[in-house]
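One structure follows; several queries about it will come next.
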Amino acid sequence: MLMSFLISDMLIKHVFLANTPYIRPNLGTYIADKTSSIFGKKQNSIASSLSPQDQSNLLYKATENIPYKALGGGVYAKEYKDIKIIEYRSGEVVWVEYTFNVDGKQAKVRVPKGQTPPPKSLVEKIY
Amino acid sequence: MYIGPFYFDTKEVFLILAMLIIGLAIAFGWNIWWFDKKTLLTLLILILVTKGLLPSIHNEAFFILAIVALFLTLYLPVFQVILFYFVSFLLFRLLRII
């Protein structure tokens, strides 16, 4: 009886539409999609069982022979299949310093060149 | 018991009586606490029809199935209870329980 309850629950959720006797019209493709998503989740769960450091090591190892492309302003990127790596090299970023007057004190904010500076209200909130 | 040329077991007579009572409840608007009258009537008709397919000796498992199905009507939608009933009946027959 427990098995039949589980079978009926599965049929109600996946085969029939909204508790009616009508069978899902796209049943074949629906089952195929569900099966492939289950297998996809299993593969992802195997990968996510690794620590973050091991995961990033794996990604770097997979792309070690691919050179970075310079996107400008200290930003470099490379791509391999579904892996995309973006690297920010802070030593190469060109900074522009802005000075704000907050409550009589000077507050300096560094922003990468080309980006708009933050509004004064935001700087006042931070400081 | 014989009604004309037809033979009815005691349990079938009780099922028919229950159906008649529910039919009267629907006709006269009597209240049955928590249960839905139409659901009960539908399920009793199914139970009676499937009872006719069984040999008279295998009653206990069928009786438990009927009670569980009636109880599930309090919690599950009607169609799911009917599916559960048919799947259980099929599995019982395949496993030769009934």
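Throughout, a chain's letter reflects where its sequence line sits, starting with A, and its residues are numbered from 1.
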*Cluster link A:Ile85 to A:Ile66, ILVMFWY, side chain under 4.5 Å*: yes
*Should we count OH of A:Tyr98 as having more than 12 external heavy atoms under 6.0 Å?*
yes
_So for B:Ile82, is it side chain, backbone, both, or neither that comes closer than 4.5 Å to the heavy atoms of chain A?_
neither
*Only one of B:Val68, B:Val87, B:Leu91 passes side-chain contact (heavy atoms from CB on, under 4.5 Å) with A:Met1; say which it is.*
B:Val68
*Heavy-atom proximity to chain A below 4.5 Å, by part of B:Leu76*: side chain
*asked:* According to a hydrophobic-cluster definition based on side-chain heavy atoms being under 4.5 Å apart (Ile, Leu, Val, Met, Phe, Trp, Tyr only), do A:Ile23 and A:Ile31 belong together?
replied: yes
Produce the donor-acceptor pair table for chain A versus chain B, cut-off under 3.5 Å.
unit_1 : atom_1 : unit_2  : atom_2 : d
A:Ser4 : OG     : B:Ser88 : OG     : 2.6
A:Asp9 : OD1    : B:Gln80 : NE2    : 3.2

*For A:Glu79, enumerate each residue passing the salt bridge (Lys or Arg N to Asp or Glu O under 4.0 Å) test, keeping only those at least two apart in sequence or located in another chain.*
none
_Just checking A:Asn26: does its CG atom have more than 12 heavy atoms from other residues, nucleotides or ligands closer to it than 6.0 angstrom?_
yes
*A:Met10, A:Leu6: one ILVMFWY side-chain cluster at the under-4.5 Å cut-off?*
no
*Find out if a path of hydrophobic residues (ILVMFWY) with successive side-chain heavy-atom gaps under 4.5 Å connects B:Val13 to B:Leu40.*
yes
*Of the non-hydrogen atoms in A:Phe16 and B:Phe79, which two are nearest, and what is the gap between them?*
CG-CE2, 3.6 Å
*State yes or no: do B:Phe89 and B:Leu95 share one hydrophobic cluster built from I, L, V, M, F, W and Y residues joined by side-chain heavy-atom distances below 4.5 Å, directly or via other members?*
yes
